[in-house]
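Report on one structure; see the data block that follows.
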Amino acid sequence: MPQNSNAKVLPGKAEPTKIEEKSKKKRRLKVAHPERCIGCLGCMFACSRIRRGSVSLQDSAIKILTRGGLEGDFMVVVCRGCKDPPCVRACPNGALERKPDGNIVFHEELCAGCGKCEKSCLIGAISLCKDGKPIKCIHCGACVDFCPHDVLKLEEVLA
Amino acid sequence: MLRKVLYIDLSKEEIWIEERHDLFEQWMGGTGVGIQLLLEECKPGVDSLSPEAPIILSIGPLNGMFPVATKAVATFKSPLTKELGESYAGGRLHLAMRFAGHEAIVIRGRSNQPSYISINDADVKIKDATSVWGIDAQTVGMILRERETGVGRRSIIRIGPAGENLVRFAGVVVDTYRHFGRLGLGASFGSKNLKAMVISGTEHVDIPDPKRYREVYNKIYRETVQTDAMEKYHDIGTSVNINVLNWLKGLPTKNFQSSSFPEAEKISGEMFADNYLFRRLSCAGCPIGCIHIASLKSPFSKHHEFEVRKVSYDYEPIYSLGSNLGVSSAEGVLELIDTCERLGLDVMSAGVVMSWATEAYEHDLITPQDTMGIPLQWSNVKSYRNVLENIAKISNEFYATLGQGVEYASTKYGGQDFAMALGGNEVSGYHTGPASIVGQMVGVRHSHLDNAGYSIDQKAAKKQLDLEQIVDEIIMEDNYRGIFNSLVGCLFARNVYTEENIILALSAVGLEKTSEQLNDLGVKIFQDKYRFKTREGFNISNQRIPKRFYETVSTLGKIDPEIIKEMLMIYKKKRGWP
Ligand code: SF4
Ligand code: SF4
Ligand code: SF4
């Protein structure tokens, strides 16, 4: 079973900068095996719990959708970290910024909560939370540790 | 914390929400709150299928918050036993209720036309379901999925034709593959003209101390994925018990005529896993993922054309529709499970009713005229399928009688000695010994899950337990489960939710409870359930025990009726009952 043995200390909201400092290479959350998903929603709860300190399906950057109910297949939606991100282009206030290392950073103070980013992303990887601001995956890997079925992986890619 | 009860009166078409802090403060949630609401709402002696009989759904303080707290409980007056109705379902209902912001839902009255209830946060509507009345439980799910919002976070619960036609052991299908199976909640829905409920919400829960919450969450999560439950229920699943119980002489076969099935291997969990299992699913919030889905591929022409059905299986349906009916093919079992799913029948009761009928047919208590020419024979899957359909349709007087359960059918046609019910509820798949029998008799809802007598028997097989110790274990489980079922956790994780972990988890969501308070609550919940049962006419002292239990060798050997009598006496004494 995927245990937490190889897990780093799960980063909370309080210390998000540490990760960026630590890794020279950038890390990407990858949906390695979507067909293995059992729909437990552990990843979504992990994301909202660890990043937001709340229990919510909306406050999660990763989304597990059903297609045709539980008889159908699950869709695991995560941010791909596009080279030319439509969400960044869509934001009229420059609240989303793509850094040279490919990370997309969200400047909350600039966000007006217009939801244009949400509409721009075809796969639905960025969405507004309960507070009206978008939640975006920061590729922290917290959800990976709570996936019991090896669906998710944190990959190192060259910056 | 949520503290809201949503009231829906189908007769008056009135909907309102009440804050009930006192209620949740005192009774925690889930079954604790459920029984209180039932006592409040249900007047003594009302007809279980009348508008005066309420349906109550409730969740508890840990649902959605901690791993494997994944169930919701329905409390009602059972159309089958005419006393306490209590049934648990997994899936996503618990989560949908939490995020819709209703910790309990009370449904009163009766719609004057087929309806369904749509709940979207505080926006609650009673909608017309005329066009889906009569449609099978699976298809109506598909239709509502298209109509309603909330993809990925909603729950759709619905009945099939059996519930509409008031078959007393009709169930409610929850989110596909999960059920409020037992004690006839489906008939209660049908009696209210209620076809379905769609529930979704967008609320979120604020945590008093997120850091502490995360710590406790991690502890419980880690223990969950490390218990043997993970291994046992995830790998082969509950059906691993077919071979185990067969070997232990505890697998009811052909209506309990035998406790081992020579062909058990062919319907074993291993057989299903190796040849039919194609995916696993999980209730929302559970890393165990015990829901096993088989693919049943049946050709319908010589030209490689197939019907493919996805059927979930577990130990209980394989017992009731497999060994207990002498069905020795995995495909036959899957076909019968699928039939029950579509019609919206409880698989356990359906199997036991049919196994009684097969024997009654052999003894000429039932004639081919009664069955409309369907031959009732062990292992005849085609016949059994037809019987299920006729029960759901109430095709004639005989099938109407079957649809009232085996207790009633056997008073009418005879064959009580082999009518396998306890407390009026068709028994579960364990002929393990006296604790299983006594446990189901005294249990609040006459289910093997009330106090796990079957597992106490298995313990007694390994180490000597005297009768008093066995009774003590039953009582301990009775009480503990009152607490655990108020949090509405999945019983597969019961070993993770020790008293210590329960107290920790409750405190992480802002509820401080002591060990004494919890124990006290467990006892009180049990007593209040018995208050309802007694009020509705249940009397432990005049319960019928089918003779068959004593004739067939069990895991612990032949069972002596005197032992059962003695255990009941000890039980009553310890409970302080006359
Ligand atoms: S949110 Fe969507 S558009 Fe933006 S980077 Fe991620 S995948 Fe690309
Ligand atoms: S990697 Fe982090 S931010 Fe991204 S979905 Fe997982 S938990 Fe959420
Ligand atoms: S944690 Fe893994 S298995 Fe569970 S829903 Fe998320 S991706 Fe699927």
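Letters go in sequence order (proteins before strands), and every chain restarts at 1. Any value given below was found using the heavy atoms of this structure, including those in side chains, with hydrogens, waters and symmetry copies removed.
- For the pair B:R342 (side chain) and B:I135 (backbone), a donor-acceptor distance under 3.5 Å is absent.
- Per-residue heavy-atom pair counts under 4.5 Å with chain A were compared for B:G289, B:G285, B:G141, and the maximum is reached by B:G285.
- Ranked by non-hydrogen atom pairs under 4.5 Å with chain A, the options B:R279, B:M142, B:R154 are led by B:R279.
- For B:R153, the parts lying under 4.5 angstrom from a heavy atom of chain A are both the backbone and the side chain.
- Between B:Y233 and B:F492, the angle of the ring planes stays under 30°, which puts this pair in the parallel group of the 30/60° scheme.
- The heavy-atom pair separating A:C140 from A:L154 by the smallest distance is O-CD2, 3.9 Å.
- Contact count versus chain A (heavy atoms, under 4.5 Å) is highest, among B:L95, B:D209, B:I288, for B:L95.
- Interface remark: of the candidates A:C40, A:S54, A:G53, A:C40 forms the most heavy-atom pairs closer than 4.5 Å to chain B.
- Using the six-membered ring where Trp is involved, B:Y217 and B:Y213 have ring planes that are perpendicular, over 60° apart on the 30 and 60° scheme.
- Checked against the 6.0 Å centroid threshold, A:F146 and B:Y221 count as a close aromatic pair.
- In this structure, the portions of A:E71 lying under 4.5 Å from any heavy atom of chain B include both its backbone and its side chain.
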Discussion item. What verdict does the salt bridge (charged side-chain N to carboxylate O under 4.0 Å, His left out) test give for B:E103 and B:R3, after you've listed the backbone C-alpha separation in whole Å, the side-chain angles of each residue and the deciding distance to 0.1 Å?
Written reply: CA-CA 6 Å; B:E103 231 174 309; B:R3 284 304 182 242; 3.1 Å; yes
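- Contact count versus chain B (heavy atoms, under 4.5 Å) is highest, among A:C37, A:A46, A:C129, A:S56, for A:S56.
- With respect to chain A, the highest number of heavy-atom pairs below 4.5 Å among B:R92, B:R280, B:Q138 belongs to B:R92.
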